[in-house]
Amino acid sequence: MIHPTPRLRFAPSPTGPLHLGGARTAMYNWAAARAMGGTFLLRIEDTDQARSTDASLQIILAGLRWLGIDWDEGPEKGGDFGPYFQMQRLELYAAAAQRLLAEGKAYPCYCTTEEIEAGREAMKAEKTGFYGYNGRCRNLTAAERAAFEQQGRKANIRFRMPEARVMNVHDLILGDVEVNTKELDDWVMIRPDGVPLYNFACVIDDIGMKITHVVRGNEHFQNGHKQRLLFEALGAECPLYAHIPLILNKDGKKLSKRDADTNMLDYRDKGFPPEAVFNYIALLGWGFSGDRDLFTRQEMVEAFKIENIGKSGSKFDEEKLRWMCGEYMRRWTPAQCVQQARPWLEQVVPAGAFATHGAWLQNVIACFQERVALYSEFDSKIGWLFGETVVMDEAAQKNLAKDPAGPAWLRGYADVLEGANLPPSYPRDRSAADRAVGLPSKKDAPAPACAFDTPAQIEVRTRAFTEQLGIKFGNFVHPVRAALTGTDKGPGLFDVVFLLGKETAVARLRAAAGR
RNA sequence: GUCCCGGUCGUCUAGUCCGGCCUAGGACCCCAGAUUUUCAUUCUGGUAACACGGGUUCGAAUCCCGUCCGGGAUACCA
């Protein structure tokens with residue numbers, strides 16, 4: 001090993017957003033670097049000037065940051081092996097090309113696009129099975145070159161591939177594969193304008209940046225062969241390659257940048273917890289262990305081995321992703337949830353409430369953590385806590401009308417609650433109650449010391465009331481929940497009463513009872 | 001066309017390298033049940049796979065060959 005420190009890179013081209021496949025490639029490189037105690041760097045392959053944009057670059061960087069993938073060298077970081085943008089490395093490519101030209105390992109090609117295409121068609125017609133560049137300029141004499149130059153033709157620089165050489169390439173994932181160079185044509189290294197093409201710039205940079213391991217999509221497998229030959233021509237040792245299988249869309253096709261919903265930032269904007277997305281993507285082609293699906297970034301790093309990446313493609317399953325989001329959502333503390341969900345919560349929570357009613361909001365959110373998967377789903381479920389009046393949905397209206405005695409129950413219950421020692425209602429200060437009682441209430445939890453009635457105490461009063469009424473609790477609870485929340489879903493009834501507080505609970509019960 | 005890679009429940013996968021512990025394990029989804037004041041959570045149970053055909057072997061998901069299917073590459077994109 002000539003390079004003692006493992007160095008891995010993610011080399012996106014800023015021609016579109018960071019999509020799922022790119023994120024996973026970045027993640028595997030990152031994890032491998034971290035696992036081996038090496039360096040992870042970002043190199044921007046911006047040689048496609050027509051399609052590269054700074055906006056795309058920013059989106060890619062934001063996507064990586066959102067997933068928690070950090071880099072040691074590259075944009076915004078610098079490093080000793082820069083520049084990290086290929087368009088700033090043009091002289092490096094030119095120098096390498098000159099050297100190869102001088103050594104006869106590359107040659108200028110004067111063919112026009114049309115001529116190349118015609119050559120390809122001719123090879124197709126021959127039905128040899130192979131078609132590519134026909135090598136017309138491979139052995140031009142000095143005089144012929146001069147003649148082309150005289151005509152004003154600009155030259156591409158092509159790499160002179162060895163003819164019909166069988167080489168054995170080793171891939172960390174695919175194993176040993178035999179390839180014959182006759183299947184590969186003389187490829188273009190540099191365009192007439194001096195801008196290099198992928199295969200060339202990639203190798204020059206991998207050498208310059210001392211890359212030791214390359215983990216990339218399987219679509220680059222054949223490119224790898226061309227690149228190995230270039231390393232050889234340059235007298236450099238090539239990195240270890242690992243070609244990972246593609247992520248497929250629902251139709252089993254390669255996931256492309258043009259597929260909708262593949263921009264990482266879309267997941268952020270839709271309220272997905274990044275930790276869950278990270279975890280899910282990691283699982284697309286790699287297994288933590290036979291019996292565990294959930295793991296942290298740190299745990300992944302500790303367990304990660306390039307060799308354990310799978311060989312077959314995988315389809316993206318949004319349902320499992322959602323499930324995983326829910327798993328993570330339940331693990332956060334309520335405070336973390338409030339903070340993470342805040343951009344969405346602000347749709348329904350009055351701005352000042354975050355400062356004045358922090359403890360209360362945490363209790364509200366805590367009651368819904370097991371009922372949502374995304375941060376964006378809280379706001380549509382907690383609106384009933386704020387409005388002056390309750391908006392009844394269809395199920396609630398039905399529950400309200402179910403029993404003719406309902407209004408009487410509600411009135412009576414309102415009286416019970418009025419006489420109880422409930423916490424005050426928002427927007428009054430109720431922090432003492434919310435700090436003392438952590439919701440949602442759990443069966444076997446020890447009774448908290450609280451100056452107000454706890455959900456458990458509210459339950460005692462409530463059950464006593466239904467007994468007094470001589471009705472089943474199960475019948476009583478539905479209209480009450482409807483009156484209080486306007487729906488037939490939600491947290492336990494006593495948590496609901498506690499959260500609502502005295503004034504609001506009483507008012508709503510009386511309003512629903514028609515006074 | 002040619003070259004290359006892949007193929008375990010519907011999906012993600014463990015097992016494959018070093019055949020027997022695999023009457024193939026886990027997870028998502030789905031179904032049933034339990035708990036329960038609703039929803040959700042949780043718990044229990046269930047349906048469901050070694051692509052196919054030949055070998056080799058006492059024994060194959062695991063090794064070999066063929067077939068089929070899927071994917072990738074074949075650019076002056078990356």
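Quick note on labels: first sequence line is chain A, next is B, and so on, each numbered from 1.
Taking the nucleotide of RNA chain B with the nearest heavy atom to each of A:Asn156 and A:Leu493, the more 5' of the two is matched to A:Leu493. Heavy-atom distances to RNA chain B give each of A:Gly290 and A:His478 a nearest nucleotide, and the one nearer the 5′ end belongs to A:Gly290.
Side-chain proximity of A:Ile116 to the nucleotides B:C39, B:C76, B:A27 is greatest for B:C76. Ranking B:U42, B:A75, B:G6 by closeness to the A:Ser312 side chain, first place goes to B:G6. Between B:A40, B:U38, B:G6, one nucleotide has an atom nearer to the side chain of A:Glu370 than all others, and that is B:A40. Distances were taken from every side-chain heavy atom of A:Ser13 (C-beta onward) to each of B:A78, B:G26, B:U37; the shortest belongs to B:A78.
For the ring pair (Phe, Tyr, Trp, His ring centres under 6.0 Å) with A:Tyr267, the qualifying choice from A:Phe272, A:Tyr375, A:Phe278 is A:Phe272, the only one to do so.
Residue A:Arg371 places none of its side-chain N or O atoms closer than 4.0 Å to OP1 or OP2 of B:U38.
Look at the C1' atom in both B:G19 and B:U57: the space between them is 9 Å, to the nearest Å. Comparing the same atom, C1', in B:U47 and in B:C3 gives a spacing of 42 Å after rounding to whole Å. Taking atom C1' on both B:G54 and B:A49, the two are 22 Å apart, rounded to the nearest angstrom. Comparing the same atom, C1', in B:A24 and in B:A61 gives a spacing of 8 Å after rounding to whole Å.
Checked by distance alone, A:Arg330 brings no side-chain donor or acceptor within 3.5 Å of a matching partner on the base of B:U41.
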